[in-house]
Asks: 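Before I ask anything, here is the structure I am working with.
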Amino acid sequence: MPNPSHQVIIFLGPPGAGKGTQAERLASDHSLLKISTGDILRDHVTRGTELGLQIRPILDAGQLVPDDVLIALIRDRLASMEKVRVIFDGFPRTTAQARELDVLLEELGAPINAVPLLEVPDEQLIARIVERGKTSGRSDDTEAVARERQQVYREQTQPLIDYYSARGQVRPVDGVGSMDAVYGRILDAVK
Ligand code: ADP
């Protein structure tokens, strides 16, 4: 029997769509834990852990970190949770990750509740990332790496839209407009 107090939301959308900011707000308004794999990986780089040293060149190139690394990270985060109340931001990013997440959630008895998909036109995405790069300190927030990240998204992550659409879980959300306007649309999409 699924535990009704579980709550699992997966934020999909291209780099620069604003997933992180919106997921943060949704998480704090609904007492959910936001799991941002980008933040977790960058934290390893900053702390100079063994993993951090290994993945730094991958992040800098805008490529994806290997699936087994991500799956181990997520497994670890979820293992200790009695109630699984999470928003995933930046995970899964490949079909292999999505399949593994299904297995993990099945083990925990926590089905996916909704998959909001933040949609923003390509040309705005690059502009947003370049603008963010002025203050983010992220070495991958340059125009060249941003373009690479978009390409990686199209090739490896977009197939997940079909993966979750086949189950009727995807809720497209227009990601253009003020933060508040977009947040309102997200609330409508996940309720
Ligand atoms: P954005 O959504 O703006 O691309 P993220 O913070 O989500 O930024 O991700 C930054 C980088 O971290 C990615 O380009 C990738 O190298 C790595 N990364 C994050 N999540 C994953 C994941 N699920 N699988 C593989 N690599 C990941």
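For ligands, and for the atoms within them, numbers begin at 1 and follow the listed sequence.
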Asks: One residue to check: E148. Relative to ligand 1, which of side chain, backbone, both or neither has a non-hydrogen atom less than 4.0 Å away?
Replies: neither

Asks: Is it true that D60 and R138 make a salt bridge, defined as a side-chain N closer than 4.0 Å to a carboxylate O?
Replies: no

Asks: Would you call R128 and D141 a salt bridge, taking side-chain N to carboxylate O under 4.0 Å as the test?
Replies: no

Asks: To the nearest 0.1 Å, how far is atom 3 (O) of ligand 1 from its closest protein heavy atom, and which atom is that?
Replies: R149 NH2, 2.7 Å

Asks: Do D162 and R167 pass the salt bridge (Lys or Arg N to Asp or Glu O under 4.0 Å) test, and can you show the C-alpha distance, the side-chain angles, and the key distance before you say yes or no?
Replies: CA-CA 9 Å; D162 289 337; R167 305 183 195 164; over 6 Å; no

Asks: Please work out which of L70, L41, T37 has its closest non-hydrogen atom nearest to atom 18 (N) of ligand 1.
Replies: L41

Asks: Which atoms of ligand 1 are found less than 4.0 Å from any heavy atom of Q97?
Replies: 22 (C), 23 (N), 24 (N), 25 (C)

Asks: Considering only the protein, which heavy-atom contact is closest to atom 26 (N) of ligand 1, and what is its distance?
Replies: V65 N, 3.1 Å

Asks: For residues Q151 and E155, is any side-chain donor paired with an opposing acceptor at under 3.5 Å?
Replies: yes

Asks: Looking only at protein heavy atoms, which one is nearest to atom 16 (O) of ligand 1, and what is the separation?
Replies: Q63 O, 2.5 Å

Asks: With side chains defined as the heavy atoms from C-beta onward, is the minimum distance between L64 and Q156 less than 4.5 Å?
Replies: yes

Asks: With only distance considered, is R138 within less than 3.5 Å of ligand 1 through an N or O on each side?
Replies: yes

Asks: Show the atoms of ligand 1 that are less than 4.0 angstrom away from any heavy atom in L59.
Replies: 12 (O), 16 (O)

Asks: Please report the C-alpha distance between R75 and D68 in whole Å, then the side-chain angles of each, then the deciding distance to 0.1 Å, and finally whether the salt bridge (Lys or Arg N to Asp or Glu O under 4.0 Å) criterion is met.
Replies: CA-CA 10 Å; R75 189 169 273 280; D68 55 342; over 6 Å; no

Asks: If the cut-off is 4.0 Å to any non-hydrogen atom of R132, which atoms of ligand 1 fall inside it?
Replies: 3 (O)

Asks: Report the member of R93, K19, R56, Q150 with the shortest heavy-atom distance to atom 4 (O) of ligand 1.
Replies: R93

Asks: Whether R25 and D180 form a salt bridge (side-chain N of Lys/Arg under 4.0 Å from carboxylate O of Asp/Glu) is what I want to check.
Replies: yes

